Asks: 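Before anything else, here's the structure in question.
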Amino acid sequence: MNVYGLLGNPVGHSRSPPMHEAAYDELDMDARYVTFEPDAIAPAIEGAKALGIRGLNVTIPFKEDVLAHVEPDSLAERIGAVNTVDFSTSPPTGHNTDAAGARRAFERHDVSLDGKSAVLVGAGGAARAVAFMLADEGSTVAIANRTVARATSLADAVNGVGGEETATAHGLDELPELVADADVLVNATSVGMDSDETPVPADALHADLAVMDAVYSPLETRLLREASARGATTIDGAWMLLFQGVVAFELWTGRDAPVKRMDAALRRRL
Ligand code: NAP
């Protein structure tokens with residue numbers, strides 16, 4: 001039997017086990033997906049190697065620290081975080097499938113990102129992955145964050161040393177003006193999670209926007225509800241969550257993921 005899993009602390013409420021196990025079931029694979037809550041990342045990676053674990057997702061608080069214990073691919077290195085470890089190589093390789101997950105969520109909704117003007121709210125872990133993805137897909141990215149210094153540091157990382165001004169940094173007070181001219185809006189803050197709050201004033205939203213919320217609890221956040229009421233295309237947080245899992249599954253197994261079955265298993269638990 002092949003063992004995959006999730007390393008984090010806490011991981012008790014993770015939706016990844018049912019999503020991955022639905023894929024194993026659909027493809028008749030002899031595999032299990034297990035959650036682990038280690039105290040430290042180094043022994044956990046060594047232990048996983050020794051036990052022959054095939055692949056691990058990694059979440060808070062280990063996404064950054066795990067970089068030192070795996071061979072990160074160039075995207076994970078630029079983002080500064082790994083959420084997927086593949087143990088089929090020695091040393092194991094580290095990837096960031098949050099970025100590909102967000103890209104595939106836009107693709108699934110026929111939203112092209114090339115040459116677009118995007119506004120990204122947030123500068124934490126999820127935002128870092130989305131910022132690099134948007135820039136790599138050809139969008140300009142205005143990053144607005146409560147702590148402006150974090151937005152500045154993320155914009156500098158995206159632009160690279162002496163690079164183009166693909167990304168700019170802003171405070172949340174600039175959102176109305178930024179969003180009025182934007183094609184794409186992503187909320188990657190935790191605002192709206194289990195609450196009826198939104199980081200973006202409703203008046204700024206318009207019908208020419210595609211709005212993605214990384215928050216998946218509730219599925220229809222206030223931001224998405226208000227965007228939808230103004231005629232915008234909306235993409236809920238379950239799409240990014242689904243596709244980061246799909247990309248991890250495909251990386252570990254080399255097989256096409258049964259996306260519909262994984263989506264159904266995930267949405268049943270959200
Ligand atoms: P994080 O690293 O802790 O970052 C949190 C972000 O939210 C920061 O930008 C922070 O701003 C901002 N923020 C928090 N409280 C705020 C408030 N009251 N007002 C304004 N801004 C506030 O968290 P994360 O890992 O990036 O996760 C962010 C959200 O994305 C969470 O809801 C998480 O569940 C979700 N997420 C979804 C997926 C998915 O696949 N759908 C993947 C990853 C994360 P400061 O910098 O000023 O503190």
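Order of appearance sets the numbers: ligands from 1, and atoms from 1 within every ligand. If you're wondering where the values come from, they're calculated on a predicted model, not measured in any experiment.
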Asks: So, R128 and D98, do they make that salt bridge, N to O below 4.0 Å?
Replies: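 Here R128 does not pair with D98 in a salt bridge, since their nearest N and O are not under 4.0 Å apart.
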Asks: Looking just at side-chain N and O atoms, do N187 and D213 make a donor-acceptor pair shorter than 3.5 Å?
Replies: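 Distance-only check passes for N187 and D213.
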Asks: Linking I/L/V/M/F/W/Y whenever their side-chain heavy atoms sit closer than 4.5 Å, directly or via other members, would F87 and W252 fall into one cluster?
Replies: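 Shared cluster, no.
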Asks: Give every pair formed by an N or O atom of ligand 1 and a protein N or O atom closer than 3.5 Å, one pair per line with both atom names and the distance to 0.1 Å, or write none.
Replies:
from, atom 1, to, atom 2, distance (Å)
ligand 1, 2 (O), G125, N, 2.9
ligand 1, 7 (O), S190, N, 3.4
ligand 1, 9 (O), A123, N, 3.0
ligand 1, 9 (O), N145, OD1, 2.7
ligand 1, 11 (O), N145, OD1, 3.3
ligand 1, 18 (N), R146, NH1, 3.4
ligand 1, 26 (O), G125, N, 3.1
ligand 1, 26 (O), A126, N, 2.8
ligand 1, 40 (O), L241, N, 3.2
ligand 1, 41 (N), A214, O, 3.0
ligand 1, 41 (N), G237, O, 2.9
ligand 1, 46 (O), N145, ND2, 2.8
ligand 1, 46 (O), R150, NH1, 2.7
ligand 1, 47 (O), R146, NE, 3.1
ligand 1, 47 (O), T147, N, 3.0
ligand 1, 47 (O), T147, OG1, 2.5
ligand 1, 48 (O), R146, NH2, 2.9

Asks: Applying the side-chain contact (heavy atoms from CB on, under 4.5 Å) criterion to V121, which one of I143, N145, L172 satisfies it?
Replies: L172
Asks: Thinking salt bridges, do R104 and E137 make one under a 4.0 Å N-O criterion?
Replies: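 Between E137 and R104 there is no salt bridge, as every charged N stays at least 4.0 Å from the carboxylate O atoms.
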Asks: Taking only Lys NZ, Arg NE, NH1 and NH2, and the carboxylate oxygens of Asp or Glu, determine whether D136 and R103 approach each other closer than 4.0 Å.
Replies: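 No, no charged N to carboxylate O under 4.0 Å.
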